[in-house]
Number of protein chains: 2
Amino acid sequence: MIKIVVVEDHPMLLDGLKNALSKNSDFEIIGTALNGQSCLTILEENNTDILLMDLNLPDIKGEELSKVVKSKFPKIKIIVLTSHDQIYHIRTMLDIGVSGYLLKNEDYSLIEDTIYSVYDGNIEISQHISEIIAKNTGKVNISTREKEVLKLIADGLTNQEIADKLFISPLTSDSHRKNLILKFGASNTASMIKTAIEMGFISN
Amino acid sequence: MIKIVVVEDHPMLLDGLKNALSKNSDFEIIGTALNGQSCLTILEENNTDILLMDLNLPDIKGEELSKVVKSKFPKIKIIVLTSHDQIYHIRTMLDIGVSGYLLKNEDYSLIEDTIYSVYDGNIEISQHISEIIAKNTGKVNISTREKEVLKLIADGLTNQEIADKLFISPLTSDSHRKNLILKFGASNTASMIKTAIEMGFISN
DNA sequence: AAATCAATCCACGAAAACAAGGATTTTCAT
DNA sequence: ATGAAAATCCTTGTTTTCGTGGATTGATTT
């Protein structure tokens, strides 16, 4: 029996998943949660093999939750099940060390296959996801400082204002801006912001 | 018996919905579709009261589909069930004349209530949606020309380039830009693009 | 018929961003 | 310890955007 916990903030989808997975006698759904907090409670009280998790939960980002799970329960294998198909999220989660990444609009059977494979120790990503990764290899990879500046630019700050906020020279923040434009392959700040959002680098 | 058709491109959610709705003896699920095309086929061959529909289908935008449905089958009541909570989409769909707008992360029971209410001739939107509408009243309302210019700005064109493309003076496209910044309450072009995307004015 | 709004155009000056380079110092991993 | 990458700062000149404040035409609504 593979012991599974599901975190998913859409009650309807969660219900559907629970029902579907329960039909497979290899699986045991030991708990479901609508948010990160109750998910952690369940994990603390039960032995779990696989955590199936959505990325945008009401109380915590999937990124944070998976880091916590990875450090507190290193043996639990995480499979991301989300509708975020942006390269940033895919990369971030794989870097954290999740074992699977699937999109919600994929067939149900794929989840079962992935659970088996991940339980056996493999890392499994759907065809769709690997295509997105392939399309973006070698492309955008920004540093933490650049990410910081990016967010401030998106909020409408000028080089000078960014400089004041980060205690750096406006020339530096201008350099970061230029690098961001370059890395995103954009022609100016406006279109850079657009592709950064498209790729998931700016959350909201 | 209320005759219901569901269009939803997430197979898992579609399955869950079908199961859940079937349990209510007042409802008859006469068909489900994973895309717009097969949805229209079903509607042509069956008498339908209510169409429950997602917004981003693989073959057609929810906006287009609902327009087609409204003109071909004026009696069918449409309930939007989506995860798009941006004011632009909400407004657009309500303008087209849908009878309901719900978010996917709301409780299942709300769907049932909404179906009954809409079937009775009411227009029903969830609390969450009406809050978003309230928060945005009187705010952003851009013209078709501004929308056109907005898209070009987001693609990285300058005033001059936009002017060339639209056969207008660069001063005009600059005026549009300024109005957009003003209407979105942004401080410059970059943050204007961000909020425009957040509000759903720039699709992709 | 009057009013409103969309779309177009304008001026002028100030502020900010862009282009195309280069250079130094931290930080971090091997 | 040494390279590589990241973060910092720099120059010069050009282009673009921003701020403020208009004006005109045409379509639509009341």
Side-chain angles (χ1 to χ4, degrees), chain A residues 88 91-92 94-97 136-197 199 201-202, chain B residues 88 91-92 95 136-197 201-202:
Chain A
Y88 173 77
R91 276 213 203 117
T92 304
L94 290 176
D95 285 351
I96 289 172
N136 286 282
T137 38
K139 263 191 182 167
V140 183
N141 208 290
I142 70 177
S143 68
T144 48
R145 194 54 153 179
E146 283 167 341
K147 209 162 116 186
E148 222 171 336
V149 172
L150 172 58
K151 196 171 284 290
L152 296 175
I153 293 175
D155 284 340
L157 305 213
T158 65
N159 288 328
Q160 183 62 60
E161 290 166 337
I162 293 167
D164 290 346
K165 185 153 269 178
L166 301 182
F167 304 106
I168 55 178
S169 153
L171 295 162
T172 305
S173 75
D174 191 49
S175 289
H176 287 312
R177 181 193 294 264
K178 284 171 189 160
N179 278 327
L180 286 164
I181 291 173
L182 193 71
K183 286 188 176 180
F184 281 108
S187 57
N188 58 26
T189 302
S191 63
M192 185 269 285
I193 292 297
K194 188 194 166 202
T195 68
I197 292 177
M199 291 184 173
F201 283 88
I202 299 173
Chain B
Y88 174 78
R91 276 213 203 118
T92 305
D95 285 351
N136 285 282
T137 36
K139 262 193 183 166
V140 183
N141 207 289
I142 69 176
S143 69
T144 48
R145 194 53 153 180
E146 284 167 342
K147 211 163 119 187
E148 222 172 336
V149 172
L150 171 60
K151 198 171 282 291
L152 295 175
I153 293 174
D155 284 341
L157 307 212
T158 65
N159 287 330
Q160 183 63 60
E161 290 166 336
I162 292 168
D164 291 346
K165 185 155 268 178
L166 301 182
F167 305 107
I168 55 178
S169 152
L171 295 163
T172 305
S173 75
D174 190 48
S175 289
H176 287 311
R177 180 193 296 265
K178 285 171 188 162
N179 276 328
L180 286 164
I181 291 173
L182 193 72
K183 287 187 175 181
F184 281 107
S187 57
N188 58 25
T189 303
S191 63
M192 186 269 285
I193 292 296
K194 189 195 167 203
T195 68
I197 293 176
F201 283 88
I202 298 174

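Order of the sequence lines fixes the chain letters, A, B, ..., with proteins taken first and strands second; residue numbering starts at 1 for each chain.
One can place CG of A:D174 at 15 Å from P of D:dT12, the figure rounded to the nearest angstrom. The separation between B:N188 atom CG and C:dC18 atom C1' is 15 Å, rounded to whole Å. At whole-Å resolution of the value, CD1 in B:I193 and P in D:dC18 are 10 Å apart. Following rounding to the nearest Å, B:L182 (CG) and D:dG21 (P) show an atom-to-atom distance of 12 Å.
Every residue two or more places apart in sequence or in another chain was checked for a salt bridge (Lys or Arg N to Asp or Glu O under 4.0 Å) with A:K147, and none qualifies.
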Show the distances under 3.5 angstrom between N or O atoms of the protein and N or O atoms of nucleotides 3-10 of chain C.
| residue | atom | partner | partner atom | Å |
| --- | --- | --- | --- | --- |
| C:dA7 | OP1 | B:T144 | OG1 | 3.2 |
| C:dA7 | OP1 | B:R145 | N | 3.4 |
| C:dA7 | OP2 | B:S143 | OG | 2.1 |
| C:dT8 | OP1 | B:R145 | NE | 3.1 |
| C:dT8 | OP1 | B:R145 | NH2 | 2.8 |
| C:dT8 | OP2 | B:R145 | NE | 2.9 |
| C:dT8 | OP2 | B:H176 | NE2 | 3.0 |
| C:dC9 | OP2 | B:S169 | N | 2.5 |
| C:dC9 | OP2 | B:T172 | OG1 | 2.5 |
| C:dC9 | O5' | B:T172 | OG1 | 3.2 |
| C:dC9 | N4 | B:S175 | OG | 2.6 |
| C:dC10 | OP2 | B:S169 | OG | 3.4 |

Nucleotide N/O to protein N/O under 3.5 Å, stretch nucleotides 27-30 of chain C:
none

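Computed from C1' positions of five pairs at each end, the angle between the two local axes of the helix from C:dA1-D:dT30 to C:dT30-D:dA1 equals 70°, rounded to 10 degrees.
Below 30°, between 30° and 60°, or above 60°: for A:F201 and A:Y88 the angle between ring planes is between 30° and 60°, a tilted geometry.
A salt bridge does not link A:D155 with A:K151: every distance from a Lys NZ or Arg NE/NH1/NH2 to an Asp or Glu carboxylate oxygen is 4.0 Å or more.
Sorted pairs that involve residues 161-172 of chain A and meet salt bridge (Lys or Arg N to Asp or Glu O under 4.0 Å), not counting sequence neighbours, are lacking altogether.
For the contact set between residues 157-165 of chain A and DNA chain C, defined by any heavy atom under 4.0 Å, the members are A:T158, A:N159.
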